[in-house]
Amino acid sequence: MTDAASRLSFDTDPAAAGGYDVSGLQALAASATVDRAGEPRSKGAARRGPFRPEVWLNARQRHASRLAAHYFRAFDVLAVAAVTLLCAWAVTPGPLIHADLSRLAPFALGAATVLGLLRSLGRYRFARGQKTTLHLASVAGIVGAGAASAMVSGWLLQGADAQWAAWLVWSGLTLVSLYALHMSWSDMVGRWRASGALTPNIVLVGATRRAESLIREALKRRDLNVLGIFDDRLARSPEAVEGVPVLGTADDLLTHKMTPYVDRVVLAIDPKAEARVRELTARLRTLPNEVTLLVEPNGEAETRSALNRLAAAPLADVQGPVDHDRRAFNKRLQDLVIGLIALVLLAPAMAVIALAIRLDSPGPIFFRQRRHGFNHEEIVVWKFRSMKQEAADATASRQVTHDDDRVTQIGKFIRKTSLDELPQLLNVITGEMSLVGPRPHAIGMKTGHVESARLVAEYAHRHRIKPGMTGWAAVNGSRGPLHTAQDVRARVRLDIEYVERQSLWLDLWIMAVTVPVLLGDRAAVR
């Protein structure tokens, strides 16, 4: 690495960059926008910079914001359903369950029309630049269509007894409810955009003319954050391109502390250099981040189109077939509901375990360990302490073996039954982990004398989804320490298989069989 790149790299001087946390990233961002004299490196860098030093949200946090569209729609469904039931109850002389179908059908058809149009017309996407007034006007039109369907169907079913006033009241209450909700949604999305929560973060590979053009245009548009540049030809690379620092080589990107904040890696090299494109793609495929090749645009229209695709960050689309965002929303909802229920039901057992640990050996009740989460994010995972305090191994440099003298008496029991993992329900509720997913490995965990991550090229692919308390690998026999390279490969193969197959029903099945599998496996060392 050149001196220029070393001065800007976290991996060479963590102290100079303020460490590996958000403050360190902010310090790097701030230093990258000015030269030694304190002047901006490029026009516009002091005002805003190629990436905003004050905003650092990792990919998991930004992805959670994008999933808000599903929560918005859920609240809309509840609001419209409540108004519909209230109005139907008001015009029904007896209990709703005994009401005449002709009285209920118009309200139900009107509600279905409103909710269906809100979804099919993309009213939950809140695209960049969308005016709130136009959005509310479209909501009013949708409610009008719902009211028309209710009145037409009611007139056909009831004839002279049509309840026009009731349907008008339903329309008004539905419009007021949706107006209040969607004004709140628009305000929330606006604040998220202002804070950068919906602004994609990218890094470029290649300090080229293409990279310079993209960064310059991104500065004008202000809807794309370019965090840094990596280039194998450091001897010919500048310290920065349009204010964006050159942080090292492509190999440096593989282990850089910035990757949890990156949404996409963009190859800004000549696509005609096919051999280099293939070589870089093969090297970068070990990252959990998506890799995109930037093709030379032909004219301003294609340039804008390419940047629109990179910067597009509407909220998750709730229409169409199940996609990655919908799966993530379903998974998060599952984690919250089942996780909270499990935490309440297991609280007495957790209290007993905590007391037993306190009485068994001196030291804290909980053991905290830094592990890899979604997209290489470093998270702190909670467990009940199962080892002697003086023998705690935060980096898992020595994996547990049978009759390990570091494990306490209570520790042997809670490790054998996996009860030591129960505090991770807190990680699940906070969103750092999921109930089901690849098990989070300790950062720097070794298999033998080699770091486990170096034994399998696709190791980082298991980080493309949140880690879990249990998982596909766990119920298929790959649990506990990994003592050989073959063990690591088998674990990673099962984890990647789960990432590709993940669904709500698969998660429920894995949770259902986890306890029987763990109790039936008496030979496993955990």
Side-chain angles (χ1 to χ4, degrees), residues 60 335 338-340 342-374 377-447 452 462-463 466-471 473-475 478-483 491 495 510-511 514-515 517-519 521 524-526:
R60 176 179 59 83
D335 288 340
I338 300 178
L340 286 171
L343 187 61
V344 172
L345 295 179
L346 294 172
M350 294 173 68
V352 172
I353 295 171
L355 179 61
I357 293 172
R358 174 66 72 187
L359 296 175
D360 180 57
S361 63
I365 294 172
F366 297 103
F367 172 68
R368 294 178 297 173
Q369 189 176 54
R370 299 193 71 82
R371 299 190 181 188
H372 274 134
F374 175 73
E377 176 189 5
E378 292 187 7
I379 63 175
V380 177
V381 172
W382 290 77
K383 298 179 66 175
F384 282 124
R385 180 175 60 85
S386 60
M387 291 187 179
K388 299 171 184 177
Q389 182 181 8
E390 63 274 13
D393 185 7
T395 61
S397 57
R398 173 188 164 192
Q399 298 200 47
V400 178
T401 58
H402 185 67
D403 291 333
D404 198 309
D405 59 1
R406 298 173 297 169
V407 181
T408 65
Q409 290 301 313
I410 291 296
K412 292 178 182 179
F413 173 73
I414 62 176
R415 291 181 71 93
K416 189 68 174 177
T417 56
S418 293
L419 292 174
D420 60 326
E421 311 285 356
L422 290 182
Q424 290 168 30
L425 286 169
L426 299 174
N427 293 104
V428 171
I429 292 170
T430 57
E432 296 172 320
M433 288 180 59
S434 181
L435 290 170
V436 181
R439 285 295 297 152
H441 291 170
I443 297 172
M445 183 183 77
K446 292 184 178 180
T447 300
S452 302
R462 64 196 306 276
H463 299 145
K466 289 181 186 178
M469 293 183 64
T470 184
V475 300
S478 181
R479 295 181 294 279
L482 301 169
H483 296 296
R491 174 78 57 84
D495 287 339
I510 291 173
M511 283 187 277
T514 290
V515 173
V517 167
L518 291 179
L519 295 180
D521 185 4
V525 177
R526 292 191 287 272

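Given the structure is predicted, the values throughout are model-derived calculations rather than measurements.
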(request) Check whether any side-chain heavy atom of S361 sits under 4.5 Å from a side-chain heavy atom of I410, and report yes or no. (result) no
(request) May I ask you to test the H441-Q369 pair for a side-chain heavy-atom distance under 4.5 Å? (result) no
(request) Please round to the nearest 0.5 Å and tell me the distance separating atom CG of L343 and atom CD1 of I338. (result) 13.5 Å
(request) Please round to the nearest 0.5 Å and tell me the distance separating atom OG of S386 and atom CG of D360. (result) 11.0 Å
(message) For the CZ atom of R371 and the CG atom of N427, what is their distance to the nearest 0.5 Å?
(response) 9.5 Å
(message) So which atom in V380 and which in E432 form the shortest heavy-atom distance, rounded to 0.1 Å?
(response) O-OE1, 4.1 Å
(request) Answer whether the closest heavy-atom distance between the side chains of R370 and I379 falls below 4.5 Å. (result) no
(request) Please check if any side-chain donor atom of S434 sits under 3.5 Å from a side-chain acceptor atom of D335, or the reverse. (result) yes
(message) Less than 4.0 angstrom from a charged side-chain N to a carboxylate O is my criterion; do E421 and R439 meet it?
(response) yes
(request) Determine whether Q424 and M433 make a side-chain contact, defined as any pair of heavy atoms from C-beta on separated by less than 4.5 Å. (result) yes
(request) Mark yes or no for whether R368, through its side chain, and W382, through its backbone, hold a donor-acceptor pair below 3.5 Å. (result) no
(message) Within the 4.5 Å heavy-atom criterion, are M511 and V436 side-chain neighbours or not?
(response) yes
(request) Indicate yes or no for a side-chain donor-acceptor contact from K388 to the backbone of V407 under 3.5 Å, with no hydrogens or angles considered. (result) no
(request) Could you tell me which non-hydrogen atom of P348 sits nearest to which non-hydrogen atom of L345, and how far apart they are? (result) CD-O, 3.5 Å
(message) Can you tell me how far apart CD (Q409) and CD1 (I414) are? Round to the nearest 0.5 Å.
(response) 12.0 Å
(message) Nearest 0.5 Å, please: how far is CZ in F413 from CG in D420?
(response) 11.0 Å
(message) Could you check whether any side-chain N or O of R358 sits under 3.5 Å from a backbone N or O of G363, counting only pairs where one atom can act as donor and the other as acceptor?
(response) yes
(request) Check the pair L346 / L422 against side chain to side chain contact (heavy atoms under 4.5 Å, CB included), numbers first and verdict last. (result) CA-CA 8 Å; L346 294 172; L422 290 182; 3.8 Å; yes
(message) Testing the basics here: between P467 and P440, what is the closest heavy-atom pair and its distance to 0.1 Å?
(response) CB-CB, 3.6 Å
(request) Step through it carefully: locate the ring centre of F367, locate the ring centre of F384, and say whether they are under 6.0 Å apart. (result) no
(message) Main chain of I365, side chain of R385: is a donor-acceptor contact present, judged purely on distance under 3.5 Å?
(response) no
(message) Distance check, rounded to the nearest 0.5 Å: L419 atom CG versus M350 atom CE?
(response) 10.0 Å
(request) Among I429, V428, L425, find the one that has a side-chain contact (heavy atoms from CB on, under 4.5 Å) with L340. (result) I429
